[in-house]
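Heavy atoms only: backbone and side chains are in, while hydrogens, waters and symmetry mates are out.
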Amino acid sequence: MSRTKTDKRSRLIQTAVKLAYLRGFRTTSLADIAEAANVPVGNVYYYFKTKDEIGEAIVEQRLLELRTLQEMWDQRGSPKERLLACIENTFETVIYLPAEDVPSGLCAPNCTRRAGL
């Protein structure tokens with residue numbers, strides 16, 4: 001796949017993730033994703049024939065990210081160091097989530113940050 005095609009596919013996946021956090025995956029359509037990614041809706045169907053396919057791509061991407069993190073944690077010496085690395089990553093993820101953009105009740109880390117915890 002050429003760089004442009006890979007970039008567009010990645011952009012569609014990232015946009016789908018953002019919209020799923022904002023609206024929920026079930027209520028987000030491929031047309032919504034296309035509009036937010038600034039891609040003609042017809043082009044979306046080139047990469048993903050159904051919404052389920054883009055859902056599978058989101059899961060595959062997240063699993064790859066988690067495997068990469070696990071490999072990094074496994075390079076740490078002791079089990080305690082690996083656990084600390086995992087915890088640090090969890091807090092980094094919580095800080096990354098946008099408090100204003102995630103509907104209340106959708107994300108537990110978001111709720112704790114709003115409460116000042």
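- Counting only heavy atoms from C-beta outward, the side chains of F48 and R9 approach each other to under 4.5 Å.
- Listed by chain and number, the residues in a side-chain hydrogen bond (donor to acceptor under 3.5 Å, both in side chains) with E71 amount to none (sequence neighbours excluded).
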Do any side-chain atoms of residues 29-45 form donor-acceptor pairs under 3.5 angstrom with protein atoms, and if so which ones, sequence neighbours left out?
from: S29; atom 1: OG; to: A31; atom 2: N; distance (Å): 3.4
from: S29; atom 1: OG; to: D32; atom 2: N; distance (Å): 3.0
from: S29; atom 1: OG; to: D32; atom 2: OD1; distance (Å): 3.4
from: S29; atom 1: OG; to: D32; atom 2: OD2; distance (Å): 3.1
from: D32; atom 1: OD2; to: R23; atom 2: NH1; distance (Å): 3.3
from: D32; atom 1: OD2; to: S29; atom 2: N; distance (Å): 3.0

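- Remark: E81 engages no residue in a side-chain hydrogen bond (donor to acceptor under 3.5 Å, both in side chains) (not counting sequence neighbours).
- The CD atom of Q75 sits 8.0 Å away from atom CE of M72, with the distance rounded to the nearest 0.5 Å.
- Side-chain contact between L84 and K80 is present, with at least one heavy-atom pair separated by less than 4.5 Å.
- Exactly one of I58, L66, L64, V59 qualifies for a side-chain contact (heavy atoms from CB on, under 4.5 Å) with R62. That residue is L66.
- Atoms CD and CG, from E56 and D52 in turn, are 6.5 Å apart once rounded to the nearest 0.5 Å.
- Listed here is the closest heavy atom pair of F25 and K51: O-NZ, 2.9 Å.
- Interatomic distance, E88 CD to L83 CG, rounded to the nearest 0.5 Å: 10.0 Å.
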